[in-house]
Every structure is written in C-alpha cells, then in structure tokens.
There are 2 protein chains.
Amino acid sequence: MDNPTSPPPRLIYLLTTAQRRLEAWIERETQGMSTARIGLLLALPAEGGLNMSGLARALDLGAPSLTGLVDRMAKFGLVRRIPDPEDGRSSLVVLTDQGRDLRQQALAHTKKLNGQLAKGFSDEEIAIVARWLETVRDRYSQ
Amino acid sequence: MDNPTSPPPRLIYLLTTAQRRLEAWIERETQGMSTARIGLLLALPAEGGLNMSGLARALDLGAPSLTGLVDRMAKFGLVRRIPDPEDGRSSLVVLTDQGRDLRQQALAHTKKLNGQLAKGFSDEEIAIVARWLETVRDRYSQ
DNA sequence: AATAGTTATTTCGTGTGCGAAGTAAATTCA
DNA sequence: TGAATTTACTTCGCACACGAAATAACTATT
C-alpha cells in the first residue's frame, strides 16, 4: 500500500539526473563515446551521406551544436565533409572507414543498452515510460 | 492492439531529448533560469547555509560543477559564500535577499511544472515513470 | 610535534548544447 | 536580369557538466 499522501515525484530532478548518470555511464563504458557521437554515427547511412540540416533534424539538435559535433568527429577521423553536388550551400557528412567500423560497434552496444534499460519493467510499463518521455519532449517543444 | 513486433522504444534517445527540451523550455519560461540554478536555490535553506559538499550531494553534482554554478549565481547576486566557522576548508553558501525572493518564485514555478508534467497520466503511470527514472539513475551510478 | 593521510574546494581543459549574428549560395519576384 | 528574401551553415560567446590535478585545512599516527 502506498502512503495515502505520498509526495508527488520530483520528475524534473529525476529526468535530469537519470539522463546525466546514463550519459556518464555510457562514456565510461565506451571509453569516450558520448550519446551525441553515437547518435551521429547511427544517423549516418553506411554508404553515402547526409547534409547538416538533415542530421540536425534526425538528432534533434540545433545547427551550431551539430557543427561542433561534426568538427570534433572529423578531427578524430570518424566522418568527413564533402561538398553537396546538388547545393553549393550544403555539405554532406559521410562516414570514414574507421567511422563505419565504429558505427557497427555502436549499433550493437546501443541495442544491448536499450534492452538493459527495459530490464525489470514489463512491455506495458516501458510503453508508458516511452509515452511519457515523448509527451514531455513534444509538449515543451518550442 | 499493438503491432505484434513493434520495435522497442529508443529509450536513450527519448531520455536525452526529453530532458533537453524540458530544460530549454524552462529557460525560456523563466527568462534565463536553468534547472541547475533553480535546483541550487531550492536546495539552500531560507535561513543559514550549506557547504559545497552538502550541496553537491543534494543536487547530484560533482564538485567542479558546483563551484562553477555557485560562482555564476554569486556573480548575479543570488548567493554568497561565507567561511564555515567550524571547518576552515569549507565555505557555506547562503542566499542573498534577492536569492530568497527568487527562491519563492522558483518554488512555486517548480511545483506547478511538476504537476504539469504528470498531466495526461494517472498516478499509477507516473509512479511507473518515476520508478524507471530512479532505476536508471541508480543502476548506472558510478 | 612532525609526518602521513584524508577531505573540501578550486582550477584547468574538454565536451556538449544554445542563441545571436555573420556569410554565402539558392530562390523568388518585380 | 537584378534586388530582396530565404536557406544552409559557421562563428562567437556563454552555460553547464565532468575528470585530473592542485591547494589548503583537518585528522590520525608515530
């Protein structure tokens, strides 16, 4: 039985700290990969490229954030920028060979972790969690 | 009915983006307050102070993060550092008058928002969400 | 009392994110 | 076609978080 007047959960605090701890854990576990970097690797197709706007949309990032992220990933030799043949303003981000290798690892790792994150909860419960996260994301957009 | 093989929700992505969007929304809504600043205001007692270690524990922050946060808040005249009379290594963070005023607003605002965040979900569903967030936070600690 | 070890905090460098403002290419429209 | 607008992206300055290393003060130990 629950306390008849248990205080409402501090959802803002929980959301913030859970995200931070998970991020830190991933960074330790992967020896230096962040969700941002993993996200970029996974968003890129194994062959061909995507332009910055498309990536920003896919990753839910602002343009300046993506510029910095791609800069850092390029410095580490994981992606390259090539000019978009169809639009002179735009550049396409493509994986390097090394990036493609890492992408495979990241994909496996992410799948495993997404499974782990559901452990201890039923499918119905995870669906509720997912729906809540989506609602927060969408309700407080813009 | 759900699709018999609906893909598992991308919990990492959802957690990250929900947190980011909520943070951005709060910052717009409050005209420049972050969850970090609000957290600090609420963690401090209206009278008296708390030392950095206690604050770090209360806010689930590392020591360097807290140093920066307190520096910025002090620059804006919301808190002050005073030497801890009981321990020469330690300093106590106390609210200024202006900080105390803002604390009241932040308290009301946070209560309202925490309520809003539960809207559209039953108490049981929110309890599941809270339990999941706590589990993630604690499972991936350290 | 001197030394060694622990604890509290800061500094430094880095990653990640944003808004505002800048630049350059494409598009619209007069 | 030429000017105005829009779009794609970058640059700059800032906030916030961390780990590693530095500093200062406290505690224990001999």
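Note on naming: letters A, B, ... go to the chains in the order of the sequence lines (proteins, then strands), and numbering restarts at 1 for each one.
At the heavy-atom level, A:Asp87 lies under 4.0 Å from the strands shown only through sugar-phosphate atoms. Residue B:Asp84 is classed as having no contact, given no heavy-atom separation below 4.0 Å to the nucleic acid.
Rounded to an integer number of Å, the gap from B:Leu55 CG to C:dA8 C1' is 13 Å. Separating the CG atom of A:Leu50 from the C1' atom of D:dC9 is a distance of 15 Å, rounded to the nearest angstrom. When rounded to the nearest whole Å, the span between CG of A:Leu40 and P of C:dG17 equals 10 Å. Rounded to a whole Å, the CG atom of A:Asn51 is 14 Å from the P atom of C:dA26. Atom OH of B:Tyr13 and atom P of C:dT16 are 17 Å apart (whole Å). For B:Ile12 and C:dT16, the CD1 to P distance is 15 Å, given to the nearest whole Å. For the pair A:Arg57 CZ and D:dC9 C1', the computed distance is 14 Å after rounding to whole Å. Spacing between atom CD of B:Gln31 and atom P of C:dG19 amounts to 15 Å, rounded to whole angstrom units.
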B/S/- contact track for nucleotides 16-24 of chain D, protein heavy atom under 4.0 Å: BSBBB----
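Evaluation of the salt bridge (Lys or Arg N to Asp or Glu O under 4.0 Å) rule for B:Arg28 yields no partner, not counting sequence neighbours. For B:Tyr140, the side-chain hydrogen bond (donor to acceptor under 3.5 Å, both in side chains) partners at least two apart in sequence or on another chain are A:Gln116. With sequence neighbours excluded, the residues forming a salt bridge (Lys or Arg N to Asp or Glu O under 4.0 Å) with A:Arg89 are A:Asp87, listed by chain and number.
Think of B:Val94 as one node in a network of Ile, Leu, Val, Met, Phe, Trp and Tyr side chains linked at under 4.5 Å; its network also takes in B:Ile82, B:Leu92.
Neither side chain, B:Ser34 nor B:Glu27, offers a donor N or O lying under 3.5 Å from an acceptor on the other.
Of the side-chain N and O atoms in B:Arg81, none sit less than 4.0 angstrom from OP1 or OP2 of C:dA8. Not one side-chain nitrogen or oxygen of A:Ser53 sits closer than 4.0 Å to the OP1 or OP2 atom of D:dT7.
Annotation for B:Arg80: atom CZ does not count as buried by contact number, only 12 or fewer foreign heavy atoms lying within 6.0 Å. Within 6.0 Å of the CZ atom in A:Arg10, the count of heavy atoms belonging to other residues, nucleotides or ligands does not exceed 12.
Expressed to the nearest 0.5 Å, how far CG of A:Leu40 lies from CE of A:Met73 amounts to 4.0 Å.
Within residues 90-98 of chain B, the residues having any heavy atom under 4.0 Å from DNA chain C are, by residue number, B:Ser90, B:Ser91.
Although no hydrogens or angles enter the test, the distance criterion places a donor-acceptor pair under 3.5 Å between the side chain of A:Thr17 and the main chain of A:Tyr13.
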